[in-house]
Structures are given as structure tokens and as C-alpha cells.
Amino acid sequence: MCFALFLVGIYGLLTKRDLIKLILSISILGYAANLFLILFAYKGNATYAILRENNLDKVMVDPLPQALVLTSIVIELGTTALLAALAVKLFQKYNTFDITKIRRLSG
Amino acid sequence: MILPYFIIIPLLAAFLITLIAGKKDQWAIALSIIAVLSLLVLSIYAFAGMQGETVTYEMSARPVPIGIVLVQDALSSFMLMMVSIISLTSLLFSVQYIRHLSVDWKYYALFMLLVTGMNGVIATGDLFNLFVFMEIALFSAFALVAYGGRAEEFEASFKYAVMGAASSIIILIGIGVTYSATSTLTMAKIAEELMYTDSRITLWIGGLFMAGFGLKAASMPFHAWLPDAHSSAPAPISTMLSGVLIKALGIYALMRIFFNMLNAPEIYINVFLILGTISILVGVFLAIGQWDFKRLLAYHSISQIGYILLGMGIATPLGILGAVFHLFNHAIFKGLLFYNAGSVEYGLGTRNLQEMGNLSKVMPVTSQTSMIASLSISGIPPFNGFFSKLIIIIAAIQAGLPWFAFFAVVGSILTLASFMKVQKYGFRGETIVQELKNKIGWRMNTAMIILAVLCIATSVFIIPGIREVTLDPVVDVIMQKANYTQMFTGR
């Protein structure tokens with residue numbers, strides 16, 4: 001599942017020509033990575049990782065990757081916001097979202 | 001315990017700048033220069049004060065495999081010193097150059113965040129923490145590349161941001177695989193755990209990190225963003241990017257991960273060799289054809305990173321010595337060349353080599369220092385670039401890789417050819433330029449002179465006796481993985 005998401009992201013990144021679609025592809029790649037991390041933490045029949053009276057003796061899922069994912073979601077938020085800001089500026093300068101037309105830098 | 005201050009000082013400076021700067025930029029300049037100066041003093045003190053031992057600092061006082069740890073050994077203090085030197089001169093250069101663009105405190109706040117990120121990457125001993133600091137550095141780098149506000153700059157920044165985000169995600173997946181294999185994120189503990197796990201896991205981790213950090217270091221198949229980003233950024237930022245950012249984020253992380261953490265697996269050492277050689281040759285070939293001064297320099301960055309990778313790929317102590325020494329030298333002479341390009345752009349308003357002429361009359365300091373830097377980058381004795389390239393070539397021959405040595409020599413000769421072109425058209429051309437649009441101030445000149453002096457002065461690192469206290473401890477850290485692991489298991 002997350003491998004499929006990863007492939008979708010890579011495909012979008014390589015083939016799309018629209019700035020907004022590129023940003024979406026980056027986000028999908030990020031979701032793939034996050035899902036991947038959560039998957040590593042998963043254990044069958046385990047409960048959530050909060051200590052309470054009724055689940056002291058049960059197996060818990062690993063809480064650390066969840067903390068990592070929380071951090072990486074925040075970082076991705078930042079990336080997406082920055083990319084969107086740059087895309088807006090690029091649109092103001094070039095009046096297009098098509099990356100084949102935004103080619104003042106070459107070689 | 002001075003280690004956390006390398007992160008606290010620039011972060012605090014960035015925070016204070018946004019808080020008190022107001023509309024003028026005097027306070028921002030003063031604060032950031034004070035911060036960087038104190039970092040320089042601290043890092044020189046740290047580098048000189050430690051004799052090859054390793055100091056660790058546990059953040060929030062939790063014991064090692066649980067808490068996040070900062071590690072200071074010879075390699076990291078060496079890198080910290082390099083970052084401080086380059087950022088100090090870069091700030092000096094910025095004061096006038098950035099006023100030319102706009103009077104703004106935001107630049108200095110972003111600059112301090114960039115330094116925070118790099119120092120954090122260098123100081124940390126935790127894999128995920130490295131990722132977070134890397135993102136801090138990258139975000140400020142994206143913003144600074146776009147700082148000039150022209151269309152090309154946004155374009156370059158967007159390209160850089162997309163590539164950077166993609167590589168960060170690859171690194172994040174690599175971190176996930178590492179964690180699932182070893183159940184820890186502390187790098188030294190990972191190194192210990194990986195000894196008992198399947199070697200195929202090492203291949204996976206290595207592949208992911210190679211792609212991710214290789215993209216950050218802009219070695220050859222992943223280089224596409226570098227010429228745009230480095231040539232579009234304001235000149236002091238080009239220096240930071242080319243001089244230290246690709247090294248702190250790319251090369252340093254590769255060294256830590258592949259030599260200290262994964263114990264230098266054979267297959268990836270060969271990848272280093274091949275990527276390094278391809279980068280040397282292709283980078284320099286692309287550079288020769290360029291007429292834009294900063295773009296030419298950016299392609300040379302790829303080629304010089306190739307030398308460092310080649311030195312790492314040889315993987316004998318002498319090869320690593322060459323790589324570390326070249327790392328430092330490249331920061332200095334490439335920084336100087338970008339300052340030259342910046343001051344020419346500032347003075348003449350052009351970066352095209354054909355539009356320049358004989359500048360020795362109007363910009364004596366710029367043209368003299370550019371001569372020194374050109375000689376240094378193309379490897380002419382007695383400048384520092386000669387010694388580090390010589391070491392790498394000798395190491396390649398000793399390791400029985402004559403072809404790689406041959407390619408390194410070819411790359412060096414082509415570098416000389418392209419800088420002959422720069423000197424011929426750019427600084428000693430036929431038309432004599434009489435007047436400048438803007439005058440080059442003393443701060444820009446000071447920054448250039450400091451680095452030009454360092455170009456010659458750092459050659460003494462190689463003299464036996466000085467070498468034992470400067471470069472050898474760094475090489476020991478990289479080669480002797482056992483020490484890195486022991487600092488945790490030892491107690």
C-alpha cells in the first residue's frame with residue numbers, strides 16, 4: 001500500500017508539468033514515508049501506547065515512530081507551505097503554472 | 001560542556017533578531033556578527049582543546065539510547081570550525097551586498113537559522129535529530145536562494161525545494177528502515193546493533209541514504225539543482241551553500257553514516273569511487289562551456305565534490321586525509337571565488353565573462369584575490385588546493401587505482417584551463433574598465449582578504465608536526481569506527 005503510494009508520488013514528480021501537481025506529488029511521497037514508519041510500529045493484537053489500568057499487561061505498539069511521524073508531518077506542512085508560496089510567486093512572474101514554460105535558467 | 005551552545009547561540013540570535021530588529025538592520029547585523037564571532041571562538045577553542053577524545057552531551061539529561069545525544073569529536077569540531085569561518089566572512093560580505101538589494105533584518109534571521117541547522121547536523125549523534133536539523137537548514141536555504149526576488153531566483157528555489165523535499169523523504173524512509181532493523185536511533189548504538197544483523201539490511205539502508213544524501217551533496221547523477229540554486233542566490237549565500245551547506249548536509253552525513261555507522265561496506269565504497277570520478281569529469285566539462293561566472297563556479301563545485309568523494313572512496317587513511325583536507329580547502333577557495341563573482345556583479349552589474357574586462361585598475365583587491373583562488377582551485381603550489389589534490393592522487397596510486405588517479409589529474413588540468421578562461425576574459429581582459437557602478441566597500445574587501453590569506457595559510461596543515469594535531473585526529477575518527485561505538489558501550 002505505502003509502496004504503491006510512493007510509486008504514485010514518484011510518477012507524479014517525474015511526469016507532471018503543473019506546479020500544483022508537483023506539490024501534490026511531494027505530499028503523496030511524504031504520506032508514503034509516514035505510513036511506512038507507522039507500519040514498522042505495528043504489532044498484531046497490540047493496544048495503544050498509553051499506560052492505563054486496563055491495559056497494563058497487554059502488548060503495546062511502539063510509540064516512537066508515531067512521535068517521529070508527528071514531527072515529520074509538521075515538517076511536511078512547512079515544505080508544502082513554502083512550495084506553495086514559491087508557486088504563487090512564480091505564477092505572478094510568469095503567468096503560468098506549466099514548468100515547460102518556466103525555463104529562463106537552462107543547462 | 002560547550003557543545004549545546006553551537007545550536008543555542010545562532011538559534012537565540014535568530015529569535016532576538018526577529019524580536020528587536022524593527023525596521024533598521026543595524027541591530028540585526030550587530031547581533032548576528034556577535035553570534036558568529038562567539039561561535040568561531042568556541043569552535044577554535046573546542047578544536048584546539050580536545051586531543052582526539054570524544055565528548056558527549058545528553059539533552060534533557062536522559063541516558064543514552066533513550067535520550068537524544070550531541071557528540072563532539074575531532075571530525076565534528078573540525079566541521080564546526082569550517083562553518084564558523086565561512087559564515088563570519090559571509091556575514092561581513094553580506095552587510096554591503098545585501099543593503100544593495102534591500103535593507104532587511106529577515107536576511108540575517110534566516111542566515112542564523114541556516115547556521116543553526118548546519119551546526120545541529122554536525123553536532124548531533126541521533127539519526128532523526130539529524131533529519132530535523134537538516135530540514136531547518138534546508139528551509140532557510142530555500143528562502144535565501146529566492147531572496148533577491150527575481151523570476152530566475154524563484155525558479156531556482158522551486159527546483160531546489162522540490163529536489164530537497166524528495167531527497168528528505170528518501171532519507172526519512174531510510175531512517176524508518178534503520179529503526180525497524182535496530183530499534184534505536186542513536187547512531188553509535190545503530191553501529192553496534194548492525195554488527196549482529198543481516199548484511200542485506202545494510203545494503204538497503206546504504207542505498208536509501210546514498211540516494212538521499214547524495215542528492216544533498218550534488219554528486220553527479222543528482223546534481224541538476226545545484227547550478228541553478230548556487231548561481232541564482234545572492235553571492236554570500238552562494239558561498240554558504242557551496243562552501244559549507246553541501247558539505248555539512250551531504251558529505252559530512254555520508255562520512256558519518258557510511259564510515260562510522262555502517263562500517264564502510266565494500267560495495268558503497270566502490271560507488272563513492274565511481275560517482276566521484278564521474279562528478280570530477282562531467283562537472284569540469286560542463287564548467288568549461290559556461291560564460292556566466294557564478295554558473296561556472298557552481299559546476300566546479302560539483303567537480304570538487306567529486307574529488308572529496310574520490311578521496312572517501314579510496315578509503316585508506318591517506319585517501320580520507322586528502323578528502324578531509326580538500327573539504328576544508330574547497331570551502332575556502334570556492335567561498336573566495338563566489339565573493340569575487342559577487343563583487344564583480346556588484347561593481348559592474350554583470351556576471352557574463354565576456355562583458356568584463358581588465359579589472360585590476362578598478363578592483364585591485366578583487367582581481368588579486370581571484371588570482372590566488374584560481375591558482376588554488378586548479379592545484380598550483382604553494383596554495384592549499386595543490387596539497388589536498390596531490391594527497392588524493394598519491395593515495396589513489398598507492399591503493400592500486402591508477403586509472404582513478406589519472407582521471408583526477410585530467411580533471412585538475414581541465415580546471416586550470418577553465419580558470420585560465422576566467423582570468424583571461426574576466427579579470428585581465430583587453431578592454432580596461434575605467435569606472436564602477438558601485439564602489440566595493442572595506443567590508444567586502446576584508447572578507448576576500450581573510451579568505452585569500454587562509455588559502456595560503458592552511459597549506460601548513462600538511463607540514464608534519466602540525467598535521468598530527470590538526471588533520472590526523474579527524475582521520476582517526478572516520479577510520480576507527482570502534483571508538484565511536486565505544487563511547488556508549490564503554491560505560
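All chains are named by letter (A, B, ...) in the order of the sequence lines, taking the proteins before the strands, and each is independently numbered beginning at 1.
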Testing the basics here: between B:I173 and A:F36, what is the closest heavy-atom pair and its distance to 0.1 Å?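 Looks like CG2-CE2, 3.2 Å.
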
Measure across A:G30 and B:I169 and return the closest heavy-atom pair with its distance rounded to 0.1 Å.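 In terms of heavy atoms, the two residues are closest at N-CD1, 3.5 Å.
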
Tell me, side chain or backbone of B:A166 under 4.5 Å from chain A's heavy atoms, or both, or neither?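 For B:A166, backbone and side chain are both near chain A.
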
Need one label for B:F158: side chain, backbone, both or neither, based on atoms under 4.5 Å from any heavy atom in chain A. both

Residue among [options] with most heavy-atom pairs under 4.5 Å to chain B:
options	value
A:N34, A:I26, A:I75, A:L68	A:L68
A:V74, A:L22, A:L64	A:L64
A:S72, A:A85, A:G78	A:G78

Does a sphere of radius 6.0 Å around NZ in A:K21 hold more than 12 heavy atoms from other residues, nucleotides or ligands, not counting ones at 6.0 Å or beyond? no

For B:S157, the option from A:L82, A:L83, A:L86 that meets side-chain contact (heavy atoms from CB on, under 4.5 Å): A:L86

Can you tell me how far apart CZ (B:F128) and OG1 (A:T71) are? Round to the nearest 0.5 Å.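 Atom-to-atom, B:F128:CZ and A:T71:OG1 are 4.5 Å apart.
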
Can you tell me how far apart CD (B:E153) and NZ (A:K93) are? Round to the nearest 0.5 Å.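 Those atoms lie 9.0 Å apart.
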
Are any non-hydrogen side-chain atoms of A:Y94 and B:E155 less than 4.5 angstrom apart?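 In short, these two side chains touch, coming nearer than 4.5 Å.
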
